[in-house]
Amino acid sequence: MKMNREDLKIRLEDIPPEGLEISIEDDGGLVADVYPVLEAIVAELHLTRIGPNVRVRGGLKTTLSVDCDRCLEPFPHKIEEKMFFILMPPPSGEGEEVRLRREDLDVSFFDGEVIDLGLIIREQILLSLPMRNICRESCRGLCPICGANLNQTKCECQREIRHSPFAVLKKLKISS
Ligand SMILES: [Zn+2]
Ligand SMILES: [Zn+2]
């Protein structure tokens, strides 16, 4: 099911003293602008008030379709993340300048009254992705000459140059 982003906003005053259990299932809307979602985003969260702060505990899982950085083919990337952090309200009496800077940093998860769980889950998913997405350790990538996907086909290009660190030197000698 598709969650309405507004449903994922929790008011501080709606969290009872014993805490609030929240189950979320979202078929992709939360990150759909960045990655196609293959398995719905499921999150189980427990919110507890600690004075003006809110402790968020739980976890989320989903499977996204991510493009391999070597062969450029999409592949399923499974995500399973534990979540544990404290949300603190913005310091009171801060100037306009500080407030603007906070908005730049996209830290508007919690303004002291409303917690944006949709935004929190989205950030957790995006932050969990590695710097480089590789479909598998043995991915052979694309031929740098003809662009063929070397996982699927062999090409006739001469690529020995890439395999030996001395090949480049040899080549320099020949051409000089
Ligand atoms: Zn690949
Ligand atoms: Zn080639």
Side-chain angles (χ1 to χ4, degrees), residues 1-92 98-142 149 151-152:
M1 73 176 165
K2 215 156 206 125
M3 302 281 302
N4 185 341
R5 284 293 300 270
E6 293 308 308
D7 298 341
L8 297 176
K9 290 191 175 160
I10 309 292
R11 298 189 68 81
L12 189 64
E13 60 193 35
D14 293 336
I15 302 174
E18 70 273 19
L20 184 64
E21 249 358 296
I22 302 170
S23 299
I24 295 163
E25 194 178 334
D26 173 78
D27 67 2
L30 292 174
V31 293
D33 56 321
V34 197
Y35 296 102
V37 172
L38 303 177
E39 268 175 70
I41 300 165
V42 175
E44 302 283 341
L45 298 176
H46 191 263
L47 307 186
T48 317
R49 283 175 74 156
I50 305 171
N53 304 326
V54 178
R55 187 182 67 194
V56 180
R57 206 155 40 93
L60 67 83
K61 52 184 181 179
T62 183
T63 303
L64 305 181
S65 175
V66 173
D67 291 344
C68 175
D69 287 331
R70 273 189 209 158
C71 70
L72 309 182
E73 290 292 321
F75 68 97
H77 178 83
K78 213 177 175 64
I79 293 171
E80 220 172 324
E81 284 288 302
K82 288 225 180 313
M83 291 164 78
F84 184 92
F85 46 82
I86 310 280
L87 297 171
M88 283 179 257
S92 56
V98 180
R99 201 173 60 81
L100 285 174
R101 216 181 306 140
R102 289 177 62 91
E103 280 164 10
D104 286 347
L105 291 170
D106 205 8
V107 289
S108 48
F109 301 142
F110 180 43
D111 62 5
E113 283 175 32
V114 179
I115 301 153
D116 192 338
L117 284 180
L119 206 56
I120 291 173
I121 290 168
R122 176 186 163 89
E123 286 288 309
Q124 284 285 306
I125 292 172
L126 297 182
L127 287 175
S128 77
L129 289 163
M131 292 291 284
R132 272 170 68 79
N133 294 299
I134 305 295
C135 63
R136 54 182 184 269
E137 245 346 283
S138 62
C139 173
R140 307 177 69 177
L142 303 179
N149 183 341
N151 297 317
Q152 294 163 2

Hey, does [Y] have a side-chain heavy atom less than 4.5 Å from the side chain of [X]?
X	Y	value
Ile121	Ile41	yes
Ile120	Leu45	no
Ile10	Val54	no
Tyr35	Leu126	yes

Nearest 0.5 Å, what's the [atom1]-[atom2] distance between [X] and [Y]?
X	Y	atom1	atom2	answer
Leu30	Glu123	CG	CD	11.5 Å
Phe85	Phe110	CZ	CZ	12.0 Å
Ile86	Asn53	CD1	CG	6.5 Å
Leu20	Thr48	CG	OG1	9.0 Å
Leu142	Leu72	CG	CG	4.5 Å
Leu117	Leu60	CG	CG	11.5 Å

Please name all residues satisfying side-chain contact (heavy atoms from CB on, under 4.5 Å) with Pro17, sequence neighbours left out, ordered by chain then number.
-> none
Which pairs, with at least one residue in residues 54-67 and sequence neighbours excluded, count as a salt bridge (Lys or Arg N to Asp or Glu O under 4.0 Å)?
-> none
Intermediate values then yes/no, side chain to side chain contact (heavy atoms under 4.5 Å, CB included), Ile15 and Ile115 | CA-CA 11 Å; Ile15 302 174; Ile115 301 153; 3.9 Å; yes
What pairs with Thr63 under side chain to side chain donor-acceptor pair (under 3.5 Å), at least two apart in sequence or on another chain?
-> Glu39
Using the side-chain hydrogen bond (donor to acceptor under 3.5 Å, both in side chains) rule, collect all pairs that involve residues 71-89, keeping only residues at least two apart or in two chains.
-> none
Would you check, one step at a time, whether the test side chain to side chain contact (heavy atoms under 4.5 Å, CB included) holds for Val66 with Phe75?
-> CA-CA 5 Å; Val66 173; Phe75 68 97; 4.3 Å; yes
With sequence neighbours excluded, residues passing salt bridge (Lys or Arg N to Asp or Glu O under 4.0 Å) with Glu113 | Arg11
Is the side chain of Arg70 donor-acceptor paired with the backbone N or O of Glu137 at a distance under 3.5 Å, no angle test?
-> yes
Between Asn133 and Asp69, is there a donor-acceptor pair closer than 3.5 Å when you use the side chain of the first and the backbone of the second?
-> no
Quick one: which of Cys139, Cys68, Cys71 gives a side chain to side chain contact (heavy atoms under 4.5 Å, CB included) with Asn149?
-> Cys71
Electrostatic pair Arg122:Asp116 at N-O distance under 4.0 angstrom | no
